[in-house]
Amino acid sequence: MRLPANRDNIQHCAILLKAGEIVAIPSETVYGLAANATDESAVRRIFRVKGRPLMDPLICHFSSLEAVSAYALVSSQMEILAEAFWPGALTIVTQKRDRIPDIVTAGLPSVAVRIPSQPTFRSLLSAVDFPLAAPSANPFSYISPSSASQVEQTLGQKIPAILDDGPSTIGIESTILDLRNPNCPAVLRHGPVLPEELEQVLKLQVENKVPIVSANKKGDPDTQLAPGGMNRHYSPNTELVLLQHGSSEKISYHPEAAYLLIQRPAVNEPNRDNLFWLSEDGDLPIVARNLFSMLQKLDHLGYKKIVIERCPEEGVGTAINDRLERAAAKAR
Ligand code: AMP
Ligand code: MG
């Protein structure tokens, strides 16, 4: 059931979570499927409902840095990053304490933590006295949801509540930074917080310059760094084909395919029913915001193929392209 995000419904969802239920919730990144992170059987439900393998660990969400420190190691490096980026779309991997059950972390001694900024999510975190484990609220490997209606279409029958607070403002998942080795912070997943921003904050504060390495870009599922970085992810059921950035003029249109560009085509382009775009002028944060809802919409229009233009490799374009490559990857 979709519930508008007001005080009564937030309270209702807090009661469900305390009773070990799972609830879909808004966040500034994408909609999440939340459970009490300290309740093993509640967390198990997340995996079951999503069809997510148990080896793919979950991110835990907290209301404050003090709350984080009760469940995970907070290093001075992490404090600096928290000051700069929290609440916000940065997830940090650090050592866990015993209060986090193994099912959350796929048995790893580390845990991924984040303090979100979305007001309804924060109210919910304040209404419970435990962290919320929450992956994206989609069936495993399908398109991530950036709206409550997207969640309803896929998981609506399987969960007791979807807290609806409108579309996610960012629209793609958080950046994941691995801080397990203090000498080598590594970006495990590209996202809204850019490597150069992380580098700048760490360099400003830390005497020894620390490199940010993009580990696991191609998503080797065997790696122990970020075990969930699957090759195929965020994928529509319709075949997805990538188009080089800026090559829309070379398209030979086929009526059975949908074409999705980064920005509105030039005025002299003929009108076509099967031509869509993600922003007016190529603004990458807007492309990110619209990406997943547009993909899910096109997935239901009956096209044989979706052809999507890549972003330039700059700013959040790198994170979007990473999603596009995985969405277009064939199942193994
Ligand atoms: P999501 O798919 O948005 O739930 O993101 C979770 C991802 O975060 C996982 O697939 C891992 O790549 C990463 N992650 C979560 N927990 C850990 C952890 N304890 N150690 C390393 N990576 C983690
Ligand atoms: Mg996900």
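Values reported hereafter were calculated over all heavy atoms of this structure, with side chains retained and with hydrogens, waters and symmetry mates removed. Atoms within a ligand are numbered from 1 in the order they appear, just like the ligands themselves. We number each residue from 1, following the sequence as shown.
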Practice item. Return a yes/no value for Thr105: is any of its N or O atoms, backbone included, closer than 3.5 angstrom to an N or O of ligand 1? Key: no
Review point. Can you tell me if an N/O/S atom from Asn138 lies under 2.8 Å from the Mg ion (ligand 2)?
Key: no
Review point. Side chain, backbone, both or neither: which part of Asp178 has a heavy atom under 4.0 Å from ligand 1?
Key: neither
Exercise for review: Begin from the C-alpha positions of Glu173 and Ser136 and carry the test side chain to side chain donor-acceptor pair (under 3.5 Å) through to its verdict.
Suggested key: CA-CA 8 Å; Glu173 297 83 351; Ser136 50; 4.7 Å; no
Point to revise | Candidate list Gln95, Arg180, Lys96, test side chain to side chain donor-acceptor pair (under 3.5 Å), partner Ser110, passing option | key: Arg180
Study note, to complete from the structure: Separation between CD (Glu197) and OG1 (Thr175), nearest 0.5 Å, reads 8.0 Å
Practice item. Might you point out which heavy atoms bring Leu132 and Asn36 nearest each other, and give the distance in Å? Key: CD2-N, 4.2 Å
Review point. Roughly how far, to the nearest 0.5 Å, is the CD atom of Glu314 from the CG atom of Leu284?
Key: 6.0 Å
Revision key, fill the gap. Under 4.0 Å from one or more heavy atoms of Pro135, ligand 1 contributes atoms 4 (O)
Review point. Relative to the heavy atoms of Ile176, which atoms of ligand 1 are at a distance of less than 4.0 Å?
Key: 7 (C), 8 (O), 13 (C)
Exercise for review: Check each heavy atom of Asp56 against ligand 1 and say whether those closer than 4.0 Å belong to the side chain, the backbone, both or neither.
Suggested key: side chain
Exercise for review: May I ask which of Cys60, Ser110, Ala72, Pro109 has a heavy atom nearer to atom 20 (N) of ligand 1 than the others do?
Suggested key: Ser110
Point to revise | Verify same cluster id: Leu240, Phe140 (apolar side-chain graph, 4.5 Å) | key: no
Exercise for review: Report the part of Ile59 in contact with ligand 1, treating N, CA, C, O as backbone and CB onward as side chain, heavy atoms under 4.0 Å; options are side chain, backbone, both, neither.
Suggested key: side chain
Check your understanding: Quick one: which of Gly32, Pro57, Pro53, Ala134 has a heavy atom closest to atom 23 (C) of ligand 1?
Key -> Pro57
Practice item. Heavy-atom contacts with Leu108 under 4.0 Å: which atoms of ligand 1 show up? List them by number with element. Key: 18 (C), 19 (N), 20 (N)
Study note, to complete from the structure: Quick look: Arg180 vs ligand 1, heavy-atom contacts under 4.0 Å, and the answer is side chain
Point to revise | Salt bridge present between Asp39 and Lys18 (N-O < 4.0 angstrom) | key: no
Review point. About how many Å separate CG of Leu17 and NE2 of His12, when rounded to the nearest 0.5 Å?
Key: 10.0 Å
Exercise for review: For atom 4 (O) of ligand 1, state which one of Lys96, Lys50, Arg52 supplies the nearest heavy atom.
Suggested key: Arg52
